[in-house]
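Report on the following structure.
Here is how names work: the chains are called A, B, and so on, in the same order as the sequence lines, proteins then strands, and each is numbered from 1.
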Number of protein chains: 2
Amino acid sequence: MSVQERKERERAGRERLIVAVARELAEQQGWDAVTTRRLAERIEYSQPVLYSHFRGKREIIGAVALEGAAEMAAALRAAARAEDGPHKRVAALARAYLDFAERNPAVYDAMFQLDGGLAFAREDTPEPLKDGFAALLESLGEVAGDGVHPGLFTEVFWASLHGLATLTRAGRLPPQDTEARVELLVDRLAVI
Amino acid sequence: MSVQERKERERAGRERLIVAVARELAEQQGWDAVTTRRLAERIEYSQPVLYSHFRGKREIIGAVALEGAAEMAAALRAAARAEDGPHKRVAALARAYLDFAERNPAVYDAMFQLDGGLAFAREDTPEPLKDGFAALLESLGEVAGDGVHPGLFTEVFWASLHGLATLTRAGRLPPQDTEARVELLVDRLAVI
DNA sequence: TTGCTTGTCTAGCGATGCTAGGATCGAATC
DNA sequence: GATTCGATCCTAGCATCGCTAGACAAGCAA
């Protein structure tokens, strides 16, 4: 039994290594540079080994996305917890979101721009994704306003942040006024 | 002289054909299906001909994006012109924006998701893109609120719409409550 | 007719994601 | 300790991608 357990441990370790290397490579040189050949070379195995862990490149992107979602949820909760009062909390949340997107562009892409083969907004949505949305909902629910469904409000707020994050990073919005845009968004959307 | 003029006309016509076919193919089967080989086959010329018109696939995407930007600007202005009063006008504008994105997903991708090699938010930004932003600004400037820079407000509003458009289409937001989300966004962001 | 420019095509390069089939290695059995 | 056998891994290759070099043909000027 012990032999098999050891093998499973090694396999799990190698799988974590694949995801970590994919993420690192993506952050360093962009997802285009994450080819199966390069990935295989970096983990010091041949290409087909990747396919014994993942069905394809898409699934590797999906694994990075899940890892990122868990981290983002934690970062959002930490930022919200550090502030008193709904308004300050929401502002901190928004900044933390955009900060995460800016600091981890490749991970953010894996989560929201690329196709990682993950289900969203459904029953079978993976737990880390649901939890990321929940982390937003926790702070945003209290500023949704009377008669507005908290979930719907969270969706709108999230979409707005997502728009700011992606357009800024793609050079579609000038980078200098980021802070002013966040303030405007929070002041208008959040009630009290 | 006439011979040369005829040739230039034919060349320009072929270039329009390339862009039209690329757009059609992208809308039908997605941008992944727009390969240089398939494109060449459909215009009934060999691959290298494409490269005598465009530097590469990126530039073809860029051409589709410019065409789309001009159409979108016209659609936004038409929607705004049909309504009286700032609030109604902005609501119509928002719906027209999301409607365009939904009806022309491939064109929308070319404009805002893919790399078409275009400059944004800069001096040398192509005219159709500037005009698209201007079309938004015309209606949104009057609801920016006191002391808020119209351009900044337009950026935030646009980013929010962009977030809704992309997240909805990628299946990240449930499709049914789209209208409620738009109403909420307009009600909160637009002043009076 | 002879040259030259202009236009187009065939063929090919180096990559990509992914896979079939053979080799190798280690654990279990005699 | 030798042998069998299954799991594990690698070499080699496929189809396709964006892009380009070089051959070829058509049309114009001399």
Side-chain angles (χ1 to χ4, degrees), chain A residues 1-19 21-23 25-26 28-65 106 109-110 114-118, chain B residues 1-19 21-23 25-26 28-65 106 109-110 114-118:
Chain A
M1 268 302 171
S2 168
V3 171
Q4 193 173 345
E5 282 175 7
R6 192 204 70 222
K7 286 196 176 181
E8 280 174 16
R9 259 202 325 273
E10 288 173 354
R11 243 191 96 75
R14 195 171 61 181
E15 190 158 314
R16 280 194 301 275
L17 179 65
I18 293 172
V19 176
V21 168
R23 175 175 177 168
L25 196 50
Q28 285 174 354
Q29 310 182 38
W31 276 104
D32 278 352
V34 183
T35 68
T36 55
R37 274 169 241 273
R38 238 189 300 257
L39 205 45
E41 195 189 1
R42 298 241 179 156
I43 64 167
E44 294 182 313
Y45 281 93
S46 70
Q47 264 182 297
V49 165
L50 299 174
Y51 293 86
S52 76
H53 288 271
F54 302 95
R55 300 173 70 90
K57 192 182 169 181
R58 253 178 45 159
E59 226 173 57
I60 297 177
I61 294 173
V64 172
D109 282 348
L114 302 175
D115 179 12
L118 301 175
Chain B
M1 269 304 170
S2 167
V3 170
Q4 193 174 345
E5 284 176 5
R6 191 204 69 221
K7 288 195 175 181
E8 281 175 15
R9 258 201 326 274
E10 289 172 351
R11 243 191 95 75
R14 196 172 60 181
E15 189 158 316
R16 280 194 302 274
L17 179 63
I18 293 172
V19 176
V21 169
R23 176 175 176 170
L25 196 50
Q28 285 173 353
Q29 308 182 39
W31 276 105
D32 277 351
V34 183
T35 69
T36 55
R37 275 169 241 272
R38 239 189 299 258
L39 204 45
E41 194 188 1
R42 297 240 178 158
I43 64 168
E44 294 180 314
Y45 282 93
S46 69
Q47 264 182 298
V49 166
L50 299 174
Y51 293 86
S52 76
H53 289 272
F54 303 95
R55 299 173 70 89
K57 192 183 169 180
R58 254 177 47 156
E59 225 173 55
I60 297 178
I61 294 174
V64 172
D109 281 349
L114 302 175
D115 178 14
L118 302 174

Is [Y] close to [X] at the side-chain level, that is, under 4.5 Å between some pair of heavy atoms?
X     : Y     : answer
B:I60 : B:V34 : no
B:Y45 : B:L17 : no
A:R11 : A:H53 : yes
A:V19 : A:F54 : yes
A:V49 : A:R14 : yes

For the side chain of [X], starting at C-beta, report the closest nucleotide among [options].
X     : options               : value
B:Q47 : C:dC18, C:dT8, D:dG18 : D:dG18
B:R14 : C:dC18, C:dT8, D:dC17 : C:dT8
A:S46 : D:dC9, C:dG17, C:dT10 : D:dC9
A:V49 : C:dC18, C:dC9, D:dC9  : D:dC9
B:Y51 : C:dC18, D:dC19, D:dC9 : D:dC19

Nearest-Å distance for atom pair [atom1]/[atom2], residues [X] and [N]:
X     : N      : atom1 : atom2 : result
A:L50 : D:dC10 : CG    : C1'   : 13 Å
B:L39 : D:dG18 : CG    : P     : 9 Å
A:H53 : D:dC9  : NE2   : C1'   : 11 Å
A:K7  : D:dG6  : NZ    : C1'   : 9 Å
A:I61 : C:dG17 : CD1   : P     : 9 Å
B:E44 : C:dC9  : CD    : P     : 11 Å
A:D32 : D:dG18 : CG    : P     : 13 Å
B:Y45 : C:dT10 : OH    : C1'   : 17 Å

When we call it a touch if two heavy atoms are under 4.0 Å apart, what does [X] touch: a base, just sugar-phosphate, or nothing?
X     : result
A:R38 : sugar-phosphate
A:R58 : nothing
A:T35 : sugar-phosphate

